Every structure is written in C-alpha cells, then in structure tokens.
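Worksheet: the structure to be examined is printed underneath.
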Amino acid sequence: MLDIKFIKEKTGLVKKAVKDRNMTVDIDEILAIDEERRSLLGNAEALKQKRNTASTEISRLKKDGEDAGTLIAEMRSTSQKIKELDDKLGDIDKKLHQKLLFVPNILHKTTPIGKSEKDNVEIKKWGETPKFSFTPKPHWEIAKHLDILDFERASKIAGSHFCLYKGLGARLERALINFMLDIHTKKHGYKEVSTPFIANRLSMTGTGQLPKMEEDMYRCEIDDFFLIPTAEVPVTNIHRDEILKENDLPICYTAYSPCFRRESGSYGKDTRGLNRVHQFDKVEMVKFVKPENSYQELESLLGNAETILRQLELPYRVIVLNTLDISFAAAKCYDIEIWGAGQSKYLEVSSCSNFEDFQARRANIRFRRKQTEKIEFVHTLNGSGVALARTVVALLENNQREDGSVSIPKALHPYMDGMEVIE
RNA sequence: GGAGGGAUGGCUGAGUGGCUGAAAGCGGCGGUCUUGAAAACCGUUUUCCGGCAACGGAACGUGGGUUCAAAUCCUACUCCCUCCGCCA
C-alpha cells in the first residue's frame with residue numbers, strides 16, 4: 001500500500017507506475033475521496049473539540065452544584081451531529097482504504113519498462129547446459145520409469161495437477177528441503193521457522209495477495225481461511241502490527257512450506273508433469289530490513305538462492321522482471337530460471353523481490369531508530385530458496401542417463417544416505 | 001464440546017463514569033559520576049490522524065449500544081489462558 005500523502009505529493013510518479021504496469025487505477029478518484037475525507041474530518045473534529053470543552057464545563061458546574069441542564073441539552077444535539085459525521089467518515093475511510101489496496105507499488109528505477117514478457121532482461125547465466133549422446137527425456141517419463149512420481153494416483157486422491165511422490169522421489173524431496181534449510185540457516189544466517197500453512201484474510205491482505213488474487217487461492221469458507229500460496233504470507237506476518245528494534249534488524253527467516261495455488265486460467269501450455277502443480281514444496285527466505293539497506297539485501301538474497309542452485313549444479317539464468325511482469329507489490333524483482341534439459345526450456349524456481357515499505361505499510365511493520373527514536377516502516381523482501389517441484393524436474397532431466405537412471409549431485413549425497421544414483 | 005478467567009503503552013501491570021492518554025516497574029534514549037564500562041542517581045520516553053505552525057482530534061482486543069461525558073456500564077464477536085472431556 002502506498003501512503004495517501006505520498007500519492008498526493010507525488011501523483012505523477014504514482015500514475016506513471018500504474019501506466020508502466022499497464023494497469024487501470026483511478027488515482028484522481030482516490031485523491032478526490034481523500035479531499036472529501038479531510039473536509040469531513042475537519043468538521044467532525046471541530047464539533048468534538050466543542051463537546052470536550054463542554055464536558056469539562058459540565059463536570060465543573062456539577063461539582064460546584066450549579067445547573068448544567070442547558071449545556072447538557074445543547075450537547076445532546078451536538079453529539080447527534082458528531083455521530084452522523086463519524087458515520088459518514090467511517091464509510092469514506094473504508095472506501096478510501098479499499099481503493100488504496102488496489103494501487104500498485106512504485107517501481108525501482110532499475111526495473112525495466114516492458115511491453116511484454118519478452119522485455120525481461122537477462123542479467124546473468126551460470127553453468128553449462130548438459131549435452132547428451134541420446135535424446136533426453138522429459139521428467140514425467142524418467143519418473144515413471146523409476147516409479148518415483150505418480151500423477152495418475154495423485155489425481156485420484158485430489159485432482160489433476162497434483163503429484164504423489166513415491167520411494168526415492170519422496171526421499172529426494174525431503175533431502176532437498178533439509179539441504180536448503182541447512183544452507184540458509186548454517187551458511188547464510190537465516191533463522192528457521194515453521195509456520196501455519198493456513199492464513200487469515202488480514203495476513204493475506206498484509207502481504208498483498210488479497211484483495212486482488214482471491215480467485216487464485218484455495219479458501220476454507222466456513223472459517224474464511226486461505227491455504228497459503230507461499231510461506232511469504234505467514235512469515236512476513238510474523239511481525240504484523242509490531243514495532244521492531246533497530247538493533248534486531250535485519251531479521252532473516254527461512255521456512256519450508258507447501259504452497260497451494262489454484263492456478264486458475266493457466267491450463268494447456270507448459271503444465272505437464274511437475275511444471276505447474278496445485279501443491280508444491282518450497283523453502284522461502286524473508287527479510288525485514290532498514291530502508292537504506294534494502295537493495296543491498298536484495299542482492300544478497302538473490303545470491304543466497306543462487307548458492308542453492310550452484311551446489312546442486314543446476315545451470316540457471318537470472319532475469320530482472322519488467323514493469324508488466326513484476327507483481328504489483330514489488331518494486332524490483334529477480335527471477336531465477338533453471339534449465340530443464342528434457343524439455344529444453346527454462347523453468348522459474350525463484351523470485352527475489354524487494355517490496356520496500358509496500359507490505360510493511362499494509363501489515364503495519366515498523367521499527368524504532370535508536371538515535372532519533374523515530375518510528376519508520378521497515379522494508380520487506382522475500383525470495384524462494386528455492387521452489388522444489390521444478391528443481392526436481394531439472395535434477396531428473398539434466399542428470400538422466402541413457403539407461404534411465406539419474407545421478408544425484410554431490411551436495412545431496414549426505415542427505416540421501418550417500419546414494420549417488422536413483423535407479 | 002463443558003466450566004471459569006483474561007485482553008490497557010516497546011514489555012510487565014494498576015486503574016469501575018468527568019481531575020486518566022492512562023500509576024508503578026522494566027526496557028529505550030539523554031545526562032551526572034567514571035580512564036572506560038557497570039552500578040547508583042537525575043531527566044526523558046504511547047501511537048495514529050488533521051494542520052506550515054500554534055494547536056486540535058482519536059485510540060485501553062473488535063463492532064454495536066447507554067450517556068452531555070466511557071478504559072470504566074450494557075451487548076455481540078474475536079483471540080488468549082486454566083480446568084474437565086475428547087483426540088493426533
């Protein structure tokens with residue numbers, strides 16, 4: 001969420017961000033509502049001041065045994081007026097807040113302006129894409145042969161685009177989770193947390209999934225709960241409505257969670273096998289930082305995600321999302337895509353974003369400066385470190401051998417009881 | 001599911017109709033002392049909104065209500081704790 005004051009002062013900037021993102025948000029309407037709000041507020045407050053003064057006077061009169069009847073009668077109607085104004089004000093506040101929830105974040109100056117998905121800028125490539133002396137297979141064929149993934153039975157249990165991991169498939173999943181968490185906690189200084197996988201409406205609004213993306217989430221209607229689409233939601237909301245100490249920043253958390261996404265409207269292309277499923281595991285990194293450090297922290301966050309892929313020996317590229325592709329809460333975002341040799345294409349396994357104070361303002365996450373004792377919003381960042389399903393895709397496809405077995409990268413050996421090959 | 005208790009500032013916790021935005025303690029910040037630190041002592045310290053400012057307004061879990069006036073009374077809801085039951 002943006003500050004209404006900021007929108008008022010930097011209207012041009014806000015409108016530009018809306019335009020660059022190719023969105024339609026009526027900023028002028030918001031400013032008009034705010035104008036009306038402030039005028040009502042002024043009236044209401046003047047009356048309240050009158051009432052407060054009278055109250056003190058009534059109290060004094062009564063104590064002195066004098067008659068306060070006239071004043072009380074007068075205040076009766078004043079209070080009535082105040083109530084009417086407050087009701088109006090309440091409505092308008094709600095309306096304004098609702099509108100503000102749909103205003104996207106300002107973009108960082110290094111976020112490229114784009115006209116389509118093609119305008120994302122590749123900034124880095126790492127690793128050699130594997131060469132084969134045979135035709136490499138897609139992971140669903142490899143997995144079927146090894147009997148480690150079972151999509152048919154998963155669909156019996158839940159529906160299409162779910163996956164049942166079996167035997168060494170399940171084992172590999174668990175190994176990856178442990179491996180990633182270990183690296184982030186032991187090498188990168190993150191604190192591990194394990195959160196609820198369900199979040200309420202307030203939490204979902206805090207990180208920006210609501211109100212725009214309600215259709216994309218699984219919802220438990222009776223309780224108005226949502227299955228989390230990413231651990232970003234519960235982890236960022238750990239500190240909702242809190243004032244943090246400057247000395248405690250940056251706060252860095254890492255968490256494993258399953259992620260649930262309805263993926264409505266994304267059928268057809270690129271959805272085979274594990275490419276796009278309704279439930280996948282992910283290890284997430286979340287940071288709460290001081291504003292002046294957030295872009296530096298974004299780089300280190302990206303580096304932390306890259307470390308995982310390097311250790312897993314998975315070739316990848318890093319792209320900067322352009323203004324059309326970036327999520328509406330983010331100011332800048334890097335995507336990491338790994339190479340899937342069996343399908344000859346890149347697969348997104350991580351998004352590393354700086355939200356600046358956008359989420360912090362929505363979720364009311366602040367910190368107190370030690371010197372000045374001033375309270376400010378923190379900056380929040382998060383990044384996948386990394387998403388598991390597509391990592392499994394790449395591991396299977398890139399490390400496949402002609403006989404249908406798959407070699408396991410060295411870094412995972414200790415997590416697989418020393419096993420070097422899945423066969 | 002049943003029975004009780006509770007929700008107040010960064011934290012603990014007093015406060016049952018006007019003198020309470022709120023005692024006290026802790027913590028934070030500034031200072032005295034000290035070579036420096038600790039201790040001790042002194043001062044200071046809720047947040048948000050409107051306003052250039054002076055200043056004004058609001059907030060004691062949330063929403064309604066009573067009243068000239070509500071942290072305080074009524075009401076519904078949410079969450080937390082204890083005990084009992086059930087259960088992974």
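Lettering of chains follows the sequences in order, A, B, ..., and the numbering in each one begins at 1. What you see is a predicted model; the values in this text were computed from it and never measured. These values consider heavy atoms only, across backbone and side chains, with no hydrogens, waters or symmetry-generated copies.
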Does A:Glu9 form a salt bridge (Lys or Arg N to Asp or Glu O under 4.0 Å) with A:Lys5? I'd like the steps, not just the answer.
CA-CA 6 Å; A:Glu9 282 161 22; A:Lys5 273 186 237 163; over 6 Å; no
Counting only side-chain heavy atoms from C-beta out, which of B:rG10, B:rA58, B:rG51 sits nearest to A:Lys48?
B:rA58
Base, sugar-phosphate alone, or nothing: which one does A:Lys50 contact when heavy atoms must sit under 4.0 Å apart?
nothing
With hydrogens left out and only the distance checked, is there a donor-acceptor pair under 3.5 Å joining A:Glu45's side chain and the base of B:rG56?
yes
What dot-bracket string describes RNA chain B from 5' to 3', counting Watson-Crick and G-U wobble pairs whose defining distances are under 3.5 Å, with [ ] for crossing pairs and | for pairs to another strand?
((((((((.[[[..)..(.....]]]((((((.......))))))(((((....))))).[[[[[..)....]]]]])))))))....
Qualifying side chain to side chain donor-acceptor pair (under 3.5 Å) pairs, either residue in residues 40-54 of chain A, two or more places apart:
A:Lys48-A:Asp86
Between B:rC48 and B:rG43 - C1' atom distance, rounded Å
27 Å
Expressed as a whole number of Å, how far does the P atom of B:rG63 sit from that of B:rC55?
30 Å
Pick the closest RNA chain B nucleotide for A:Asn52 and for A:Lys8 by heavy atoms, then say which residue is nearer the 5' end.
A:Lys8
Once salt bridge (charged side-chain N to carboxylate O under 4.0 Å, His left out) is applied, do any residues pair with A:Arg38, and if so which ones, sequence neighbours excluded?
A:Asp34, A:Glu35
Residue A:Ile72, side-chain atoms from C-beta onward, closest of B:rG50, B:rA58, B:rC68:
B:rC68
Distance check, P atoms only: B:rG65 and B:rG17, in whole angstrom units.
23 Å
For the residue pair A:Thr307 and A:Asn304, confirm or rule out a side-chain donor-acceptor distance under 3.5 Å.
no
Lys/Arg-Asp/Glu bridge criterion (N-O < 4.0 Å) met for A:Lys166, A:Asp147:
yes
Counting only heavy atoms from other residues, nucleotides and ligands, does the tally under 6.0 Å from CZ of A:Arg369 exceed 12?
yes
